[in-house]
Amino acid sequence: MLSSARTAPLLLLLLHLVSALKQPNVVLLLADDLGWGDVPWHDARTIAPNLMELATTGTIFDRYYVQPICTPTRGALMTGKYPSRLGLQHLVIGPDTPYGLPLNESILPEYMRKLGYSVHGIGKWHLGHCSWDHTPTKRGFDSFYGYFNGATDYYTKVLGAFTGPSGFDFRYNTLANSGKVKDDVLWSTNTTYSSYLYTQQAKHVISTHDKSKPLFLYLPMQNPHFPAEVPTQYYDMYEGIVKDKTRRTLLAMVTALDDIVKSVVDTLKDSGLWENTVFIFFADNGGQLGIFSIGQINYPLRGGKATYWEGGIRSASFIHSPLLQGGQVNGELMHVTDWLPTITHIGACGVEPTNCTGPELANIDGVNQWNTIIGQSKSARTEFLVNYDQEQNNAALRMGKWKLLQGNPGRGPWVPPPEINYRKYKENVLSTTPEEKVMDGWEFEIRGEQEIKAPWRTKLTDKVQLYDVESDPYEKHEVSKDNPEVVQQMLERLQVHKDAAVPPGNKPADPNANPDNFGGVWTPWLETC
């Protein structure tokens with residue numbers, strides 16, 4: 001039997017190891033504009049074996065919701081707040097617009113750093129870059145590799161603003177000891193497909209990670225956002241599987257995304273980090289329909305990106321970890337604002353059920369869903385604000401089984417894959433001009449189509465629609481006239497959210513942001529904004 005003098009150091013070592021394991025590594029991967037019907041667990045034609053394995057041996061979230069479009073989802077993820085409380089509820093942040101995620105907000109990477117994590121971001125930021133203070137490494141990230149804006153070319157890394165200017169947008173940022181951002185513009189990447197670059201950087205971050213600290217790796221990926229670009233090797237994989245070239249390209253972009261997932265997981269395993277990693281995957285919004293569609297499908301859900309229909313806000317998502325029981329589908333209600341309190345909870349308390357409360361998070365809309373995720377309780381929420389946009393004169397609220405739409409929620413077709421209904425698919429995906437393709441209201445504004453009246457400009461705030469999205473998930477039966485008391489209750493609750501909202505922070509384009517002023521690069525151009 002070992003003496004107490006000999007066992008004491010061993011016990012201290014064991015306690016140290018257990019303590020270290022309590023903080024899991026967290027990898028959070030966003031797919032950009034991925035449709036509900038673009039993942040292999042919803043469409044077997046999608047070649048994404050790594051996503052399929054992680055999803056089906058993990059926990060698939062069947063009722064997880066995000067915002068209708070890119071910037072608002074990212075703002076909600078980072079702050080745990082509804083975008084209407086951040087001024088991010090209307091459209092997206094353009095490359096030459098002088099505003100961003102408010103600087104007075106504490107955000108997810110800052111919390112994770114305070115918990116002792118190494119924090120790295122790879123991919124798309126899209127939360128503003130008018131000043132350096134708005135960029136990732138001034139907001140908690142140890143490093144950032146990728147682009148500040150919303151839709152760069154996958155090869156050239158060039159982005160053209162809706163107002164005309166275009167410029168290069170791809171860089172590697174770290175923070176110097178002086179507190180200034182060290183900005184390396186990566187001109188040499190201008191011929192390489194971006195997913196290869198993200199893979200290379202992710203492997204570097206993981207393989208060089210200091211294992212004495214937990215890792216938080218944020219991967220807001222580019223695929224499968226437009227433009228429709230993919231290496232031939234992925235396109236050729238769909239020979240004999242998908243005939244339509246547009247849909248085939250889109251699914252090939254998802255396959256390229258799947259290769260990123262494989263490389264990340266393999267490198268985590270090779271580095272001895274995987275067994276203590278929580279891997280989270282979700283789409284930032286539904287797949288795009290209308291003029292910017294490149295073949296995404298949300299079927300059988302209604303509508304798509306930039307709308308309040310289920311196809312715009314119900315996200316294909318899952319969580320996977322060797323630390324958790326897998327092989328299940330979670331049907332509890334969850335929202336993107338929930339990730340801030342949930343991730344910081346496991347960052348502070350570990351993955352096991354505990355009375356630990358995690359860091360104090362005041363005045364947020366998200367709730368800690370960890371016990372829900374691990375099957376210990378029902379959802380910690382019964383409602384969420386879909387959005388309230390004063391500029392578009394619309395709002396939507398989910399409460400219990402009900403969804404209330406006020407004003408114009410956006411165009412809401414049901415668009416099947418081409419194999420099911422090619423005519424309807426062609427109407428919504430394949431047409432190439434505004435005259436041929438039906439467009440959602442937000443698209444008119446950002447493209448400057450003044451000759452055609454945007455439908456949401458019509459005052460529609462008195463129009464109300466009600467759907468029971470539990471029994472009618474495809475939103476085919478509008479039931480407001482049959483449930484006036486529910487409508488009234490939800491309108492009163494919606495008013496509470498409206499009262500808490502701030503005006504949209506959108507600002508006109510600033511010509512001083514023109515990349516021509518900065519050697520052809522999109523870069524911060526103001527001291528403060």
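Atom set for the values below is all heavy atoms of this structure, side chains included, hydrogens, waters and symmetry mates excluded.
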Q: Check the pair Arg63 / Glu332 against salt bridge (Lys or Arg N to Asp or Glu O under 4.0 Å), numbers first and verdict last.
A: CA-CA 6 Å; Arg63 286 179 173 82; Glu332 296 294 320; over 6 Å; no
Q. Less than 4.5 Å apart, any side-chain heavy atom of Met78 and any of Tyr218?
A. yes
Q) Rounded to the nearest 0.5 Å, what separation is found between the CD1 atom of Ile297 and the CG atom of Asp43? A) 8.5 Å
Q. Is a side-chain donor or acceptor of Ser480 paired with a backbone partner of Gln465 at a separation under 3.5 angstrom?
A. no
Q. Distance-only, no hydrogens or angles: does the Trp36 side chain make a donor-acceptor pair with backbone N or O of Pro300 under 3.5 Å?
A. no
(Q) Using a 3.5 Å distance criterion without hydrogens, assess whether the side chain of Lys157 forms a donor-acceptor pair with backbone atoms of Tyr155. (A) yes
**Q.** With sequence neighbours excluded, residues passing salt bridge (Lys or Arg N to Asp or Glu O under 4.0 Å) with Asp62
**A.** Arg314
Q) Could you state the interatomic distance from CZ (Arg85) to CG (Asn363), rounded to the nearest 0.5 Å? A) 4.0 Å
(Q) Is any side-chain heavy atom of Phe170 closer than 4.5 Å to one of Val185? (A) no
Q) Quick one: does Lys305's side chain have a donor or acceptor within less than 3.5 Å of a partner on Cys70's backbone? A) no
Q.
Under the criterion side-chain contact (heavy atoms from CB on, under 4.5 Å), I'd like the reasoning laid out for Arg381 against Thr337: C-alpha separation, chi angles, the key distance, then a yes or no.
A. CA-CA 11 Å; Arg381 69 163 60 247; Thr337 55; 3.2 Å; yes
Q: Mind listing the closest non-hydrogen atom pair of Phe518 and Asn512 along with its distance?
A: CE1-O, 3.5 Å
Q) Passes side-chain contact (heavy atoms from CB on, under 4.5 Å), Phe168 versus Thr152? Steps please. A) CA-CA 8 Å; Phe168 186 83; Thr152 63; over 6 Å; no
Q | Distance-only polar pair, side chains of Gln489 and Glu485, donor-acceptor under 3.5 Å | A | no
Q | Expected output: side-chain Asp510 to main-chain Pro98 donor-acceptor under 3.5 Å | A | no
Q) Are any non-hydrogen side-chain atoms of Leu404 and Leu491 less than 4.5 angstrom apart? A) yes
(Q) Are His134 and Trp125, when compared by the centres of their aromatic rings, separated by less than 6.0 Å? (A) no
Q) So, Tyr65 and Asp338: side-chain donor and acceptor under 3.5 Å apart, yes or no? A) no
(Q) Do the side chains of Arg247 and Asp38 get close enough for a salt bridge, i.e. N-O under 4.0 angstrom? (A) yes
(Q) Taking the side chain as everything from C-beta on, heavy atoms only, tell me whether Pro109 gets closer than 4.5 Å to Ile107. (A) yes
(Q) If I compare all heavy atoms of Leu397 with all of Met490, which pair ends up nearest, and what's the gap? (A) O-CE, 3.3 Å
Q: Decide whether Gln89 and Tyr82 meet the rule of one side-chain donor and one side-chain acceptor closer than 3.5 Å.
A: no
Q.
Please tell me whether Glu383 and His335 have a donor and an acceptor in their side chains that are separated by less than 3.5 angstrom.
A. no
Q) Under the 3.5 angstrom rule, does the side chain of Trp522 hit a backbone N or O of Pro95 as a donor-acceptor pair? A) no
(Q) Closer than 4.0 angstrom, basic N to acidic O: yes or no for Glu419 and Arg45? (A) yes
Q) Rounded to the nearest 0.5 Å, what separation is found between the CD1 atom of Ile122 and the CG atom of Leu197? A) 11.0 Å
Q. Just by modelled atom types, is the Asp284 backbone N or O under 3.5 Å from a matching donor or acceptor in the Thr73 side chain?
A. yes
Q) Do Asp33 and Asn285 meet the criterion of a side-chain donor-acceptor pair at a distance under 3.5 Å? A) yes
Q) How far does CG of Leu526 sit from OH of Tyr99, to the nearest 0.5 angstrom? A) 14.5 Å
Q) Do any N or O atoms from the side chain of Lys124 and from the backbone of Gly150 form a donor-acceptor pair under 3.5 angstrom? A) yes
(Q) Let me confirm one number: the CG-CG distance from Leu30 to Leu219, rounded to the nearest 0.5 Å. (A) 9.0 Å
Q) So which heavy atom on Val502 is nearest to which on Gln390, and how close? A) O-NE2, 3.1 Å
Q.
Between Pro165 and Asp516, is there a side-chain heavy-atom distance shorter than 4.5 Å?
A. no
Q) How close do Phe318 and Ala55 get, heavy atom to heavy atom, and via which atoms? A) CD2-CB, 3.6 Å
Q | Exercise: do Trp402 and Asp468 side chains pair donor with acceptor under 3.5 Å | A | no
Q: Report yes if the side chains of Arg398 and Val469 come closer than 4.5 Å at any heavy-atom pair, otherwise no.
A: yes
Q) Just checking, is any N or O donor in the side chain of Asp389 or His90 under 3.5 Å from an acceptor N or O on the other one? A) yes
Q | Beyond-backbone contact of Leu29 with Ile280, side-chain heavy atoms, under 4.5 angstrom | A | no
**Q.** Those residues that, when tested against Glu478, pass salt bridge (Lys or Arg N to Asp or Glu O under 4.0 Å) (two or more places apart)
**A.** none
Q.
For Asn173 and Asp183, which I'm curious about, is there any donor-acceptor pair between the side chains at under 3.5 Å?
A. yes
Q. Will you find, in the side chains of Ser379 and Gln369, an N or O donor that is under 3.5 Å from an N or O acceptor?
A. yes
Q) For Ala513, does its backbone N or O pair with a side-chain atom of Asp96 as donor and acceptor, under 3.5 Å? A) no
Q. What pair of heavy atoms forms the shortest contact from Arg113 to Val119, and how long is it?
A. CG-CG2, 3.5 Å
Q | Criterion side-chain contact (heavy atoms from CB on, under 4.5 Å) on Leu101 and Arg139, from CA distance to verdict | A | CA-CA 10 Å; Leu101 180 64; Arg139 308 214 64 174; 3.6 Å; yes
Q | Shortest non-hydrogen contact from Asn298 toward Gly304 | A | ND2-CA, 3.4 Å
Q: Using distance alone, with no hydrogens and no angle criterion, decide if Tyr64 and Trp339 have a side-chain donor and acceptor under 3.5 Å apart.
A: yes
Q) So, does Asn330 use its side chain to make a donor-acceptor pair with the main chain of Ile60 at under 3.5 Å? A) no
Q) Is the closest side-chain donor-acceptor distance between Thr79 and Glu105 under 3.5 Å? A) no
Q) What's the verdict on side-chain contact (heavy atoms from CB on, under 4.5 Å) for Tyr154 and Asn223, showing C-alpha distance, side-chain angles and the deciding distance? A) CA-CA 9 Å; Tyr154 285 78; Asn223 297 51; 3.3 Å; yes
Q. Does a side-chain heavy-atom distance below 4.5 Å link Glu229 with Met253?
A. no
**Q.** Donor-acceptor side-chain pairing of Thr342 and His345 below 3.5 angstrom
**A.** no
Q. If you measure from CD on Glu475 to CG on Leu466, what distance do you get to the nearest 0.5 Å?
A. 10.5 Å
(Q) Exactly one of Thr97, Leu127, Asn149, Thr71 should register a side chain to side chain contact (heavy atoms under 4.5 Å, CB included) with Val92. Which one does? (A) Thr71
